[in-house]
Amino acid sequence: MTVLPDSVEIDLGPLRLKGLLGVPPDAAGLVIFAHGSGSSRLSARNNRVAAALRDGGLATLLLDLLTPAEENDRANVFDIPLLASRLSYATDWAIAASETAHLPIGYFGASTGAAAALVAAGVPRSPVKAIVSRGGRPDLAGDALPQVVAPTLLIVGSLDHHVIELNRMAYERLGGPKELVIIDGAGHLFEEPGTLAQVERHATRWFRYHLAGE
């Protein structure tokens with residue numbers, strides 16, 4: 001039975017970030033989603049991946065890293081340090097929340113959200129145990145890449161030629177265990193038939209192995 005997520009708010013003092021938290025029975029880990037430019041916690045693609053992860057026994061937290069007012073300033077979407085700091089706050093919230101405090105944590109990042117996930121995971125003593133990037137821009141994580149020790153899976157579509165090259169450059173700089181998967185026939189958004197299902201399978205495999213020890 002598919003577990004539907006509940007709305008949550010993460011309090012950052014004067015700001016509140018909106019999220020969707022879904023915790024299946026006997027969850028083996030928590031995957032926090034970092035959305036990319038022009039996306040939100042309501043993204044149909046990320047919600048579909050999140051549902052697949054919940055079906056695979058993993059809790060999910062889909063999060064808006066920016067408030068609606070902040071999203072109106074396009075520069076904020078590419079402010080990787082800001083996005084990473086918000087992701088770190090959300091991670092601290094999950095570690096303190098009774099529903100998720102016991103769960104090992106992974107990050108799923110898309111577009112610029114992938115860079116934010118890698119920067120947040122690259123800080124000393126980061127609790128993050130695994131990262132998956134879908135059509136991401138890990139290159140924007142820059143000098144944080146060699147500091148990332150969490151196992152990282154980069155997923156790119158074969159038709160997304162420029163982003164493939166950026167992922168290959170970032171892959172070479174990553175400091176921990178890593179894998180690069182290119183999905184045949186997929187573009188940047190994985191809208192082609194069957195391509196998003198492959199993302200779901202690879203992400204579930206990665207998180208089940210690195211969070212659940214399978």
Side-chain angles (χ1 to χ4, degrees), residues 1-8 18-36 38-65 87 90-91 94 97 99-100 102-114 116-118 121 128-136 138 150-160 163 167 177-214:
M1 181 178 136
T2 299
V3 174
L4 298 177
D6 295 317
S7 295
V8 295
K18 294 183 180 297
L20 292 169
L21 176 67
V23 183
D26 302 318
L30 169 67
V31 179
I32 303 177
F33 281 66
H35 304 294
S39 189
S40 77
R41 71 191 186 284
L42 305 177
S43 154
R45 279 182 293 277
N46 280 345
N47 270 281
R48 186 176 143 182
V49 174
L53 292 176
R54 291 193 299 273
D55 286 345
L58 296 159
T60 60
L61 174 60
L62 292 97
L63 191 66
D64 289 348
L65 298 177
L87 189 55
T91 305
E99 277 189 287
T100 52
H102 61 294
L103 299 175
I105 291 173
Y107 287 160
F108 183 99
S111 190
T112 52
L118 290 162
V128 177
K129 305 297 185 192
I131 302 162
V132 173
S133 162
R134 172 186 64 81
T152 301
L153 172 63
L154 306 177
I155 305 175
V156 195
S158 69
L159 306 180
D160 202 4
V163 172
N167 273 258
K178 56 196 175 183
E179 185 178 329
L180 173 62
V181 170
I182 297 177
I183 305 292
D184 191 44
H188 183 61
L189 298 177
F190 296 87
E191 295 174 309
E192 297 77 11
T195 57
L196 195 60
Q198 293 184 62
V199 172
E200 295 164 15
R201 287 194 293 274
H202 282 293
T204 301
R205 164 181 67 86
W206 197 256
F207 288 126
R208 289 294 309 179
Y209 183 82
H210 292 290
L211 300 185
E214 286 188 354

**OP:** Would you indicate whether the side-chain heavy atoms of Leu196 and Arg45 approach each other to under 4.5 Å?
**Re:** yes

**OP:** Apply side chain to side chain donor-acceptor pair (under 3.5 Å) to the pair Tyr107 and Ser133, showing each step before the final yes or no.
**Re:** CA-CA 8 Å; Tyr107 287 160; Ser133 162; over 6 Å; no

Original post:
Hey, is Glu200 close enough to Arg205 for a salt bridge, meaning N to O under 4.0 Å?
Top reply: no

Subject >> Flag if over 12 foreign heavy atoms under 6.0 Å of NZ, Lys178 >> reply: yes

Original post:
Do the side chains of Val181 and Leu154 get nearer than 4.5 Å, heavy atoms only?
Top reply: no

Subject >> Minimum side-chain heavy-atom gap Leu62-His35 below 4.5 Å >> reply: yes

Subject >> Heavy-atom closest pair, residues Leu211 and Gly29 >> reply: CD1-CA, 4.3 Å

**OP:** Would you name the heavy atoms of Gly106 and Val128 that are closest together and state the gap between them?
**Re:** CA-CG1, 4.3 Å

Original post:
Have Asn47 and Arg41 got a donor and an acceptor in their side chains that come within less than 3.5 Å?
Top reply: no

Original post:
Can you check whether Asn46 reaches Phe108 side chain to side chain, under 4.5 Å on heavy atoms?
Top reply: yes

Original post:
side chain to side chain contact (heavy atoms under 4.5 Å, CB included) between Asp6 and Leu20: does it pass, once the steps are laid out?
Top reply: CA-CA 5 Å; Asp6 295 317; Leu20 292 169; over 6 Å; no

Original post:
Which heavy atom in Leu159 sits nearest to a heavy atom in Gly187, and how many Å separate them?
Top reply: CB-CA, 4.0 Å

Original post:
What is the distance from atom OG1 of Thr195 to atom CZ of Arg134, rounded to the nearest 0.5 Å?
Top reply: 9.5 Å

Original post:
Is there a side-chain contact between Ile105 and Thr91, using heavy atoms and a 4.5 Å cut-off?
Top reply: yes

Subject >> ring-ring contact (aromatic ring centres under 6.0 Å, His included) contacts touching residues 184-214 (sequence neighbours left out) >> reply: Trp206-His210

Original post:
Is the closest side-chain heavy-atom distance between Ile183 and Ile155 below 4.5 Å?
Top reply: yes

Subject >> Candidate pair Val23 and Thr100, rule side chain to side chain contact (heavy atoms under 4.5 Å, CB included), full reasoning >> reply: CA-CA 8 Å; Val23 183; Thr100 52; 4.2 Å; yes

Original post:
Should Pro5 and Leu21 count as side-chain neighbours, where that means a heavy-atom distance under 4.5 Å?
Top reply: no

Original post:
Heavy-atom distance under 4.5 Å between the side chains of Phe33 and Leu53, does that happen here?
Top reply: yes

Original post:
Within the distance-only criterion (no hydrogens, no angle test), does the side chain of Asn167 pair as donor or acceptor with the backbone N or O of Val163 below 3.5 angstrom?
Top reply: yes

Subject >> Over all atoms of both residues, closest heavy-atom pair of Ala94 and Ile32 >> reply: CB-CD1, 4.4 Å

